[in-house]
Amino acid sequence: MIPVNEPLLNGNEKKYLGECITSGWISSEGQFVRKLEEEFARRVGRVHGIAVCNGSVALQAALASLDIGPGDEVILPAFTIISCAAGIVQAGATPVVVDSDPLTWNIDVGQIEEKVTERTKAIMVVHIYGLPVDMTPALSLADHYGLKVIEDAAEMIGQTYKGLPCGSFGDVSTFSFYPNKLVTTGEGGMILTDDDKLAERCRSLRNLCFQPQKRFVHEELGWNFRMSNVQAALGVAQLERLDEFISKKKRMGRLYTEALSEIPGMQLPLPQTPYAENIYWVYGLVLDDEIPFDAEEAMNRFAAHQIGTRPFFWPMHEQPVFKRMGLFNNVSCPVAERIARRGFYIPSGLALTDEQIARVVQALKDIMS
Ligand SMILES: Cc1ncc(COP(=O)(O)O)c(C=O)c1O
């Protein structure tokens with residue numbers, strides 16, 4: 001079986017994990033946590049890094065740090081992971097979705113302004129699959145309407161927009177270190193900001209809002225979102241290889257695109273936009289409407305070839321859980337709805353070999369013929 005993703009853990013991971021064991025520092029108090037926070041923030045050009053236990057809670061803490069709650073609306077893409085809308089709903093705020101750009105699959109920035117109301121408090125910008133969101137118009141809209149920007153750069157570690165690092169644009173920016181990400185800690189995440197107060201708030205929210213002076217007296221409720229030293233040790237080793245990982249992903253994307261361009265009937269990821277080269281966090285495909293089967297059938301056929309795939313995200317406004325809550329009535333996002341049904345991604349992990357890529361290409365030729 002070719003897995004849809006497999007991480008590469010053959011750098012200093014074992015060495016640093018060994019240091020955790022021999023020193024006995026395995027909790028969040030260990031040195032690797034601080035080191036990962038500092039080095040990750042430096043890499044993205046931000047002042048503060050706050051390590052957390054995954055990318056979903058990073059969004060929760062970001063929302064809470066910006067005081068987003070009941071009565072507030074947050075604009076986000078329809079086409080994204082549930083963590084984004086779940087965080088907003090769990091904060092008591094209302095998610096307002098925007099359709100996708102048909103070529104990049106990112107939020108269609110041109111459609112954001114029509115969703116702004118008096119209640120809009122923030123835009124949650126989410127970079128999807130390999131290309132960043134067109135940030136310049138998104139940021140000027142936020143500036144014009146006085147909105148906060150939460151930048152979800154979970155999938156975009158090491159990517160840039162107009163040469164500036166993804167994760168450097170949000171009032172608060174968040175990342176995930178799940179094993180399919182460009183830097184992994186097994187489970188983990190990071191919050192970045194330049195604002196001292198927001199950073200302090202996120203640190204406190206991450207750590208149950210213990211108070212420095214009166215530890216067990218609480219003025220506010222937080223969560224235990226801490227990352228352990230063991231996880232951070234992995235992250236420090238992974239971050240050392242980020243440039244190499246980005247090159248590997250770009251090469252994978254190039255090999256797939258060269259081989260798949262000749263197969264008719266599907267849309268491939270754009271190799272670049274005017275503001276970024278694709279880093280192929282995952283290599284997605286969208287079947288043309290003329291193809292007589294959908295993504296689900298294509299994925300079944302891949303499974304018969306012993307090849308793992310994943311469906312594209314299912315749009316937020318079509319989630320049964322939100323429908324039952326009475327959210328997104330009469331909302332339609334035709335592009336997101338279409339790519340959710342016609343799109344899936346093929347093996348894209350860092351450990352993927354050229355032989356495996358060739359097998360995936362051959363299987364796709366069989367499936368499409
Ligand atoms: C865009 C985006 N945001 C948030 C998350 C959530 O991260 P985690 O799985 O670490 O909770 C993911 C995870 O894949 C993601 O792709």
Side-chain angles (χ1 to χ4, degrees), residues 4-7 36 40 44 49-64 74-91 95 97-98 100-101 104-107 122-133 135 138 149-159 161 166-167 169-170 172-192 202 206 223-228 231-232 234-235 238 249 269 279-284 309-316 319 336 339-340 343-345 348-350:
V4 72
N5 177 71
E6 204 180 335
L36 182 62
F40 198 82
V44 184
I50 300 105
V52 291
C53 54
N54 59 63
S56 303
V57 303
L59 288 167
Q60 273 181 263
L63 286 155
V74 179
I75 294 173
L76 78 163
F79 187 72
T80 184
I81 191 161
I82 194 74
S83 314
C84 302
I88 296 165
V89 171
Q90 285 163 342
V97 292
V98 174
S100 310
D101 176 287
T104 65
W105 309 322
N106 273 311
I107 189 167
I123 306 175
M124 186 181 281
V125 174
V126 189
H127 308 292
I128 303 280
Y129 291 170
L131 284 168
V133 170
M135 290 305 298
V149 174
I150 298 168
E151 181 189 12
D152 182 348
E155 303 176 2
M156 227 53 54
I157 305 172
Q159 176 60 296
Y161 170 81
C166 288
F169 298 102
V172 185
S173 300
T174 64
F175 293 84
S176 162
F177 299 141
Y178 190 71
N180 61 1
K181 301 304 188 297
L182 277 124
V183 163
T184 185
T185 59
E187 300 285 351
M190 185 70 75
I191 302 167
L192 298 183
C202 287
R206 164 185 74 172
W223 298 274
N224 178 352
F225 286 166
R226 299 185 301 260
M227 175 188 276
S228 77
Q231 292 166 309
L234 280 176
Q238 288 267 297
K249 285 278 195 180
I279 58 162
Y280 303 100
W281 172 61
V282 295
Y283 197 96
T309 54
R310 279 279 183 289
F312 268 19
F313 293 130
W314 198 251
M316 295 304 104
Q319 296 291 344
I339 62 178
F344 62 100
Y345 59 87
S348 313
L350 285 163

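Order of listing sets the numbers, starting from 1, for every ligand and every atom in it.
- Within ligand 1, counting atoms from 1 as listed, the ones closer than 4.0 Å to a heavy atom of I81 are 2 (C), 3 (N), 4 (C), 5 (C), 12 (C), 13 (C), 14 (O), 15 (C).
- Remark: among candidates A154, G189, G188, the nearest residue to atom 15 (C) of ligand 1 is A154, based on non-hydrogen atoms.
- Taking a cut-off of under 4.0 Å to the non-hydrogen atoms of V126, the atoms of ligand 1 that pass are 1 (C).
- For atom 11 (O) of ligand 1, the nearest protein heavy atom (residue, atom name, distance) is S56 OG, 2.6 Å.
- Residues T184 and F177 come closest through the heavy atom pair OG1-O, 2.8 Å.
- For ligand 1, the polar-atom distance check against W281 finds no nitrogen or oxygen pair separated by under 3.5 Å.
- Of the options F344, F79, Y280, Y283, a ring-ring contact (aromatic ring centres under 6.0 Å, His included) to Y129 is made by F79 and by none of the others.
- Under the 30°/60° scheme for interplanar angles, the aromatic rings of F169 and Y161 are found to stand perpendicular.
- When the heavy-atom distances from atom 2 (C) of ligand 1 to T80, N54, D152, I82 are ranked, the shortest goes to D152.
- Less than 4.0 angstrom separates some heavy atom of G55 from each of these atoms of ligand 1: 6 (C), 7 (O), 8 (P), 10 (O), 11 (O).
- Closest to atom 9 (O) of ligand 1, if we only count protein heavy atoms, is S176 OG, 4.0 Å.
- Of the listed residues (M190, K181, E187, E155), the one carrying the non-hydrogen atom nearest atom 14 (O) of ligand 1 is K181.
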